[in-house]
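Sequence lines set the chain letters: A, B, ... in the order given, protein chains first and strands last, and positions in each chain run from 1. Because the structure is predicted, anything quoted here is derived from the model rather than measured.
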Protein chains: 2
Amino acid sequence: MGNEIALFRSFISKKGLRNTPEREEIIKEIFSSHDHFDVDELYLRLRQKGSRVSKASIYRNIPLIMESCLIREVWHEDGHMHYEHIYGHGHHCHLRCIQCGKVIEFVDQDLFEIEKRLGTKYDFEILEHRLDVIGYCSECRQHAAAAGDRS
Amino acid sequence: MGNEIALFRSFISKKGLRNTPEREEIIKEIFSSHDHFDVDELYLRLRQKGSRVSKASIYRNIPLIMESCLIREVWHEDGHMHYEHIYGHGHHCHLRCIQCGKVIEFVDQDLFEIEKRLGTKYDFEILEHRLDVIGYCSECRQHAAAAGDRS
DNA sequence: ATTATTGTTGAAACTAAATTGCAATAGGAG
DNA sequence: CTCCTATTGCAATTTAGTTTCAACAATAAT
């Protein structure tokens, strides 16, 4: 842990771009939590810590951080994109409760099999897969049952 | 085929809402093609056929059509959401070329196994799954190789 | 070290997707 | 047919995300 910064630095250098304190602050903040994030939230977290990074910079840097494979888009909800950091996480997939928003991450080996099979079948060079499984978590189901809403 | 309209009508009635020609035009147009669609495209297709349905109506009705399980969001790209109709399609997953945008749809039985396993393991009531497999199609790979871009 | 080059920044203006307010219209129950 | 109110089109609004621009600063060249 902690060498996401080094990785991103070298990624930036290799591209002939410049390492700036703003970029470092953004990367650090992203990896300072294990949760998913969105731009607004990240911006507020940075502000709260006294950073003066602007939203424009966050928006400008996210595509770069994605290109460096440190984060990725996970879903678009409530009118904006949500991201997660993936360095050291492998291919994470999500089990999401549609009601309370709880997210459980998992990696499933069988998915790599499916991925491989599809690649061969359709002659694709696969880069990644994203599986989103959506439903009701046990808690929300209990509440709903208690309220007599659904079966 | 063709009874998506009937299904939607009864869905609307059951909710105590009203069946209008606009709603019918929208549903018909969505199901008149087998492709994915977005709001703008759908709007233009309708206009081209002489319909006077407004974009606001499309935006207002999409949540209802999703609730009726006739369509669903598939991905957010180029600044807007993309949808697909799912009635009669089962759970479709996508293999997408990141370069040319080609989409291959597939259903994989093993995913239902994974889904079931996850449901049991985490005590979730699963509603659906979405698998997006992303990579380069054979054509784009050939072009890239010819251009000497990537391996 | 100093300077020159040019990528990056914050702030504000802008663009486009999606939502909403409103007056007119029209389903559909009675 | 009549009434109630959901729905519509249009236009205004909101908001995520992008772009412009002048000031700044990271790096390379000197």
Side-chain angles (χ1 to χ4, degrees), chain A residues 5-6 8-30 36-47 49-68 71-83, chain B residues 5-6 8-30 36-47 49-68 71-83:
Chain A
I5 295 142
F8 189 58
R9 276 191 177 207
S10 81
F11 169 83
I12 287 294
S13 296
K14 261 183 204 140
K15 288 209 79 171
L17 302 175
R18 294 175 183 171
N19 283 295
T20 64
E22 289 82 3
R23 289 195 164 132
E24 210 140 312
E25 284 173 53
I26 292 168
I27 286 285
K28 260 188 199 153
E29 192 51 47
I30 287 172
H36 302 87
F37 66 94
D38 55 58
V39 170
D40 223 65
E41 192 188 308
L42 184 60
Y43 175 70
L44 290 174
R45 272 162 55 190
L46 280 162
R47 282 271 142 175
K49 293 189 179 172
S51 168
R52 318 247 330 90
V53 175
S54 68
K55 260 189 204 176
S57 286
I58 297 177
Y59 277 117
R60 275 190 283 238
N61 279 299
I62 277 182
L64 279 172
I65 311 177
M66 288 207 289
E67 204 184 327
S68 76
I71 63 170
R72 114 180 116 185
E73 295 178 337
V74 277
W75 57 70
H76 183 91
E77 202 172 64
D78 302 320
H80 58 268
M81 189 55 76
H82 294 246
Y83 306 86
Chain B
I5 296 140
F8 190 58
R9 277 192 177 206
S10 82
F11 170 82
I12 287 294
S13 296
K14 261 183 204 141
K15 286 208 81 171
L17 303 174
R18 294 177 183 170
N19 283 294
T20 65
E22 289 80 3
R23 289 195 165 136
E24 210 141 310
E25 285 173 53
I26 292 169
I27 286 285
K28 261 188 198 151
E29 193 51 47
I30 287 172
H36 301 88
F37 66 94
D38 55 57
V39 170
D40 221 65
E41 193 188 308
L42 184 60
Y43 174 71
L44 290 174
R45 272 162 57 191
L46 280 161
R47 282 272 142 174
K49 294 190 179 171
S51 169
R52 319 247 329 92
V53 175
S54 69
K55 259 189 205 175
S57 285
I58 297 177
Y59 277 117
R60 277 189 281 237
N61 278 299
I62 277 182
L64 279 173
I65 311 177
M66 289 207 289
E67 205 185 327
S68 76
I71 64 170
R72 116 179 115 185
E73 294 178 336
V74 276
W75 56 71
H76 183 90
E77 202 173 64
D78 301 320
H80 59 269
M81 189 55 76
H82 294 247
Y83 305 86

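- A:D38 comes within 4.0 angstrom of no nucleic acid atom, judged by non-hydrogen atoms across all strands.
- Note that CZ of A:F37 and CD1 of A:I62 are 5.5 Å apart. Values are rounded to the nearest 0.5 Å.
- Taking every heavy atom of both residues into account, B:D38 and B:E41 meet most closely at OD1-N, 2.9 Å.
- Going from atom CD1 of A:I26 over to atom C1' of C:dT8 covers 11 Å, rounded to whole Å.
- Atom-to-atom, CD of B:E25 to P of C:dA26 comes out at 13 Å; the value is rounded to the nearest Å.
- Within the 4.5 Å cutoff, the side chain of A:S57 has heavy atoms near those of the A:R60 side chain.
- For A:S54 and C:dT9, the shortest distance from a side-chain N or O to OP1 or OP2 is not below 4.0 Å.
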For nucleotides 22-24 of chain D, which of its nitrogen or oxygen atoms have a protein nitrogen or oxygen under 3.5 Å away, and what is each distance?
none

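- Checking each of A:V53, A:I65, A:L64 against A:R23 for a side chain to side chain contact (heavy atoms under 4.5 Å, CB included) leaves exactly one that passes, namely A:L64.
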N/O contacts under 3.5 Å, protein versus nucleotides 27-30 of chain C?
{"from": "C:dG27", "atom 1": "O3'", "to": "B:N19", "atom 2": "O", "distance (Å)": "3.3"}
{"from": "C:dG27", "atom 1": "N2", "to": "B:R18", "atom 2": "NH1", "distance (Å)": "3.4"}
{"from": "C:dG27", "atom 1": "N2", "to": "B:R18", "atom 2": "NH2", "distance (Å)": "2.5"}
{"from": "C:dG27", "atom 1": "N3", "to": "B:R18", "atom 2": "NH1", "distance (Å)": "3.4"}
{"from": "C:dG28", "atom 1": "OP1", "to": "B:N19", "atom 2": "N", "distance (Å)": "2.9"}

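- Between B:K55 and B:D40, the shortest heavy-atom contact is NZ-OD1, 2.5 Å.
- Here the closest heavy-atom approach between residue A:H76 and residue A:M81 is recorded as ND1-N, 3.7 Å.
- With 3.5 Å as the limit, one finds no donor-acceptor pair spanning the side chains of B:R9 and B:N19.
- Between B:W75 and B:H36, the angle of the ring planes lies from 30° to 60°, which puts this pair in the tilted group.
- Per the geometry, CD1 belonging to A:I62 stands 13 Å off P belonging to C:dT9, to the nearest Å.
- A side-chain donor from one of B:S51 and B:E25 sits under 3.5 Å from a side-chain acceptor of the other.
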> Once each nucleotide of nucleotides 16-21 of chain D is scored for protein heavy atoms under 4.0 Å, what B/S/- sequence comes out, 5' to 3'?
Replying inline: SBBBB-

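- When the P atom of C:dA24 is taken as reference, atom CZ of B:R52 falls 18 Å away, rounded to whole Å.
- Side-chain contact between A:V39 and A:Y83 is present, with at least one heavy-atom pair separated by less than 4.5 Å.
- Rounded to whole angstrom, the span from the CD atom of A:E22 across to the C1' atom of C:dG10 amounts to 9 Å.
- More than 12 heavy atoms of other residues, nucleotides or ligands shown are found within 6.0 angstrom of CZ on B:R47.
- Considering only side-chain atoms of B:R23, the nucleotide from C:dT9, C:dA11, D:dT8 that sits closest is D:dT8.
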